[in-house]
Amino acid sequence: MRIFSKNLRLQDVTIMYFTALAALMVILVASYQAPSNAVEVSSFKSTPSSPNLPLPMPFRVPLDPRKELQLAWNISYDNQEIYMQLRVAELRHGVVLGMSDRGELTNADLVVLWDSGTKSYFGDAWSDSKGHVSLDSKQDYELIEAKQKPDAFYLLFKRPFSTCDPEDYLIEEGTVHVIYGFLDQPLASLEQLNLSQIHMGVQRVLMLRPNTPSPTLPPDVQTLDVVAPNVIIPNQETTYWCFIQKLPENMPKNHIVMYESVITPGNEAIVHHIEVFECSPDMHDVPEYSGSCDDNMKPRKLDFCRHVLAAWAMGAEAFYYPADAGLPMGGPRSSRYLRLEVHYHNPLLISGRRDASGIRLHYTPSLRRYDAGIMELGLVYTPVMAIPPKQHTFYLSGYCTSKCTEIALPAGGIYIFASQLHTHLAGRGVRTVLVRQGKELEVVQEDQHFSTHYQVGNSMCVFGDVLITKCTYNTEDRSKPTVGGFGIMEEMCVNYVHYYPRTQLELCKTHVDPGYLQKYFNFINRFHGNDQCVCGEVGVTEQYAQLEWDAFAVEVLDSLYNTAPISMHCNQSTARLFPVSSQLFISRRAFC
């Protein structure tokens with residue numbers, strides 16, 4: 001009896017062992033089979049049938065400077081869907097495309113094409129707070145076509161604007177931060193992928209465009225290209241290139257009714273933004289120049305070419321003026337000289353690339369009812385304004401004060417019909433509001449995802465009003481303070497507002513009073529036990545860098561920006577100042 005029981009226990013153990021082993025084998029085999037939620041793409045050449053192919057793709061943007069990845073898309077407002085086509089110049093083992101609130105690699109909505117070494121898959125995925133990738137239990141990206149063509153590999157898919165899936169990004173008006181990356185090796189399982197371990201990039205895209213047809217241009221419209229003279233783009237990260245171009249001799253007054261970018265093919269991801277300025281009519285002769293805008297040897301007269309005619313940023317479409325307004329160009333009270341300014345962003349330090357990008361102006365001699373104008377709002381480009389390091393959210397505000405609008409705007413006010421918001425890489429949101437008699441009247445423009453594109457507006461600003469442009473920044477990934485300036489790693493806070501009727505007000509901006517900023521430096525240094533005064537000996541940028549950035553220093557700086565006097569820049573198009581006091585005390589708390 002004991003022998004029987006012993007044998008029975010041994011048999012039970014044996015059965016349990018082999019049962020567990022079999023279960024383990026099933027689990028291991030299943031982990032290398034096709035993911036249950038993914039679509040198998042045989043050798044990256046599967047072409048599911050679709051009666052609507054080929055789809056027109058009217059919108060497109062390059063994602064990387066080497067032209068390896070391009071995103072094109074179309075919008076179905078009837079179905080609340082967006083169709084996306086990814087062009088991959090050289091496909092290796094897959095590609096990642098995603099969207100996140102600020103371009104982060106964490107907590108991102110992803111679509112991934114990958115291979116396991118033997119088979120290839122397409123799937124809707126997401127990344128967690130550490131960048132680890134998982135397939136989404138609800139597959140909202142629908143594969144339409146995956147095909148290798150002679151010039152590149154094309155991946156066509158679609159998804160709804162809203163999926164009601166907490167792991168998915170809500171596609172809405174404003175800027176969408178598109179992240180992208182390449183897979184250089186096979187993945188046995190998508191769960192092996194961590195976005196922090198592969199080369200990723202980010203591009204800002206205005207995904208949803210107005211569903212309206214473009215206005216018809218007048219039959220007598222002519223064009224003028226203001227473009228760079230086939231320059232060699234410097235192999236440095238940030239370059240502002242200036243070029244002086246003459247208008248035709250004795251050109252009569254015309255109205256610019258539309259303008260658009262002209263980008264040299266292949267440079268779409270390097271040309272960051274472009275501006276065209278008219279020089280002051282008082283400057284009867286402006287020397288020829290083609291070179292760096294930062295060159296200390298450039299002609300001094302270039303500094304008097306600040307009247308904005310056109311401003312374009314990466315991804316923006318053609319800009320049309322309202323039917324009753326046009327931007328004046330030519331005539332006896334204008335200048336014959338235009339200044340082109342091109343911002344090249346070349347993070348890969350590509351050498352030898354030539355460029356002839358610029359702006360194409362469409363103009364007509366048939367003058368419209370109103371002359372239109374462009375005005376800069378926000379903060380002056382100066383290191384006096386800065387964002388401390390390691391900040392999740394930090395605000396800077398620029399003011400167009402009543403002292404300026406009272407003297408510079410007509411009694412009947414101006415009509416704002418469009419605007420363009422602009423910051424650099426740390427920018428997360430821009431908002432311009434109109435304040436009348438101490439109360440916020442309306443939002444002129446807002447994009448809390450931040451956009452470099454033109455936005456349609458509808459605001460009336462009258463003399464005595466205040467325009468406040470507030471920018472939101474995130475510097476969690478930076479160990480040093482970020483100062484204001486022109487460099488891509490420096491910051492801006494700008495809103496170009498388009499309005500009519502035109503005035504002489506070209507720029508209405510502020511910055512904190514430098515004297516009070518110096519008091520801040522001295523106070524914080526003494527608080528941290530450094531009593532040495534460096535007044536006048538060290539520049540503002542270096543003084544910011546030398547500070548010990550703790551919570552107290554950040555809080556006091558924020559308080560300084562919100563309570564200290566401001567320096568007002570109320571500039572005419574001739575670069576001369578309106579007669580407004582340069583130092584103002586205003587109660588900003590009333591505008592919050």
Side-chain angles (χ1 to χ4, degrees), residues 55-76 81-90 95-103 108-111 113 141 151-159 161 169 171-182 199-211 214 233 259-274 311-319 342-348 350 353 355 357-360 420-425 427 447 449-455 488:
L55 289 170
M57 292 289 165
F59 312 116
R60 62 189 65 244
V61 64
L63 296 181
D64 71 302
R66 294 195 184 278
K67 304 176 291 182
E68 295 182 354
L69 208 57
Q70 183 186 72
L71 177 66
W73 69 97
N74 201 345
I75 306 163
S76 172
E81 291 180 327
I82 186 162
Y83 291 80
M84 290 181 265
Q85 183 185 66
L86 200 59
R87 179 188 182 276
V88 189
E90 182 182 352
V95 64
V96 179
L97 186 76
M99 294 174 282
S100 64
D101 283 337
R102 310 297 180 193
D109 177 18
L110 308 170
V111 59
L113 182 70
Y141 287 92
D151 63 321
F153 176 81
Y154 289 84
L155 187 69
L156 179 64
F157 51 93
K158 69 174 184 177
R159 63 151 281 186
F161 296 170
Y169 182 89
I171 300 176
E172 55 188 347
E173 290 186 0
T175 302
V176 175
H177 289 75
V178 176
I179 60 176
Y180 62 88
F182 300 94
H199 177 70
M200 298 286 294
V202 62
Q203 183 65 279
R204 287 166 170 165
V205 177
L206 191 68
M207 198 74 78
L208 299 186
R209 308 294 178 97
N211 190 22
S214 299
I233 301 175
Y259 62 81
E260 59 188 333
S261 64
V262 180
I263 307 298
T264 299
N267 294 344
E268 294 89 350
I270 298 178
V271 180
H272 187 267
H273 68 262
I274 307 171
W312 172 90
M314 184 182 289
E317 296 181 270
F319 181 76
V342 184
H343 175 194
Y344 297 112
H345 178 47
N346 185 11
L348 300 181
I350 298 171
R353 185 77 63 85
D355 185 70
S357 299
I359 298 287
R360 177 168 294 147
Q420 182 189 31
L421 312 172
H422 187 70
T423 73
H424 282 167
L425 301 181
D447 185 350
H449 289 289
F450 169 72
S451 173
T452 58
H453 305 269
Y454 284 101
Q455 310 286 329
I488 195 66

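The figures that follow rest on heavy atoms only: side chains count, while hydrogens, waters and symmetry mates do not. What you see is a predicted model; the values in this text were computed from it and never measured.
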Note to self: Pair Leu110, Ile179 - check side chain to side chain contact (heavy atoms under 4.5 Å, CB included), show working.
What the structure shows: CA-CA 9 Å; Leu110 308 170; Ile179 60 176; 3.9 Å; yes
Next item on the list: Measure the NE2-OH distance between His272 and Tyr344 for me, rounded to the nearest 0.5 Å.
Entry: 14.0 Å
Notebook entry, point to check: Looking at side-chain heavy atoms only, is the closest gap between Val88 and Leu69 below 4.5 Å?
Noted result: yes
Item checked: Rounded distance [0.5 Å steps], CD1 in Ile171 versus CD1 in Ile82 -> 5.0 Å
Checklist line | Pairing residues for Arg60 by the salt bridge (charged side-chain N to carboxylate O under 4.0 Å, His left out) criterion, not counting sequence neighbours | finding: none
Checklist line | Residues which pass side chain to side chain donor-acceptor pair (under 3.5 Å) with Glu268, listed by chain and number, not counting sequence neighbours | finding: none
Notebook entry, point to check: What residues, two or more places apart in sequence or in another chain, satisfy side chain to side chain donor-acceptor pair (under 3.5 Å) together with Tyr154?
Noted result: Arg87, Asp151
Next item on the list: Considering non-hydrogen atoms only, spot the tightest contact between Phe161 and Ile75 and give its length.
Entry: CZ-CG2, 3.6 Å
Notebook entry, point to check: Which heavy-atom pair separates Gly358 from Ile274 by the least distance, and what is that distance?
Noted result: O-CD1, 3.6 Å
Margin query: Run the ring pair (Phe, Tyr, Trp, His ring centres under 6.0 Å) test against Phe157 and tell me which residues pass, sequence neighbours left out.
Written below: Phe122, Tyr141
Margin query: Please evaluate residues Met57 and Tyr83 with respect to the criterion side chain to side chain contact (heavy atoms under 4.5 Å, CB included), reporting the C-alpha separation (whole Å), side-chain torsions for both, the decisive distance (0.1 Å), and the verdict.
Written below: CA-CA 8 Å; Met57 292 289 165; Tyr83 291 80; 4.1 Å; yes
Note to self: How close do Ser100 and Ala108 get, counting heavy atoms only, and between which atoms?
What the structure shows: CB-CB, 4.0 Å
Checklist line | Euclidean distance, Glu260 CD relative to Glu317 CD, rounded to 0.5 Å | finding: 11.0 Å
Check: Going through the distances and angles, do Arg159 and Asp109 end up as a side chain to side chain contact (heavy atoms under 4.5 Å, CB included)?
Finding: CA-CA 12 Å; Arg159 63 151 281 186; Asp109 177 18; 2.7 Å; yes
Next item on the list: Mind checking the CG-CG spacing from Leu113 to Leu97? Nearest 0.5 Å is all I need.
Entry: 11.0 Å
Notebook entry, point to check: In terms of ring plane angle, is the pair Phe319 and Tyr259 parallel, tilted or perpendicular, where the classes change at 30° and 60°?
Noted result: tilted
Next item on the list: Kindly compute the distance separating CD1 (Ile359) from OG (Ser261), expressed to the nearest 0.5 Å.
Entry: 6.0 Å
Note to self: Using side-chain heavy atoms (C-beta onward) and a distance below 4.5 Å, is Tyr169 in contact with Val176?
What the structure shows: yes
Item checked: Contact check, side chains of Glu90 and Phe182, non-hydrogen atoms, under 4.5 Å -> no
Checklist line | Minimal non-hydrogen separation, Val178 against Met207, with atom names | finding: CG2-CE, 4.2 Å
Note to self: Which residues pass the side chain to side chain donor-acceptor pair (under 3.5 Å) test with Asn267, not counting sequence neighbours?
What the structure shows: Arg353, Asp355
Note to self: As a quick check of understanding, evaluate side chain to side chain contact (heavy atoms under 4.5 Å, CB included) for Val271 and Thr264, giving each step before the final call.
What the structure shows: CA-CA 9 Å; Val271 180; Thr264 299; over 6 Å; no
Next item on the list: Compare every heavy atom of Pro347 with every heavy atom of Pro65, then report the nearest pair and how far apart it is.
Entry: CG-CG, 4.2 Å
Checklist line | Contacts of Val61 that satisfy side chain to side chain contact (heavy atoms under 4.5 Å, CB included) - sequence neighbours left out | finding: Leu63, Leu71, Trp73, Gln203, Val205
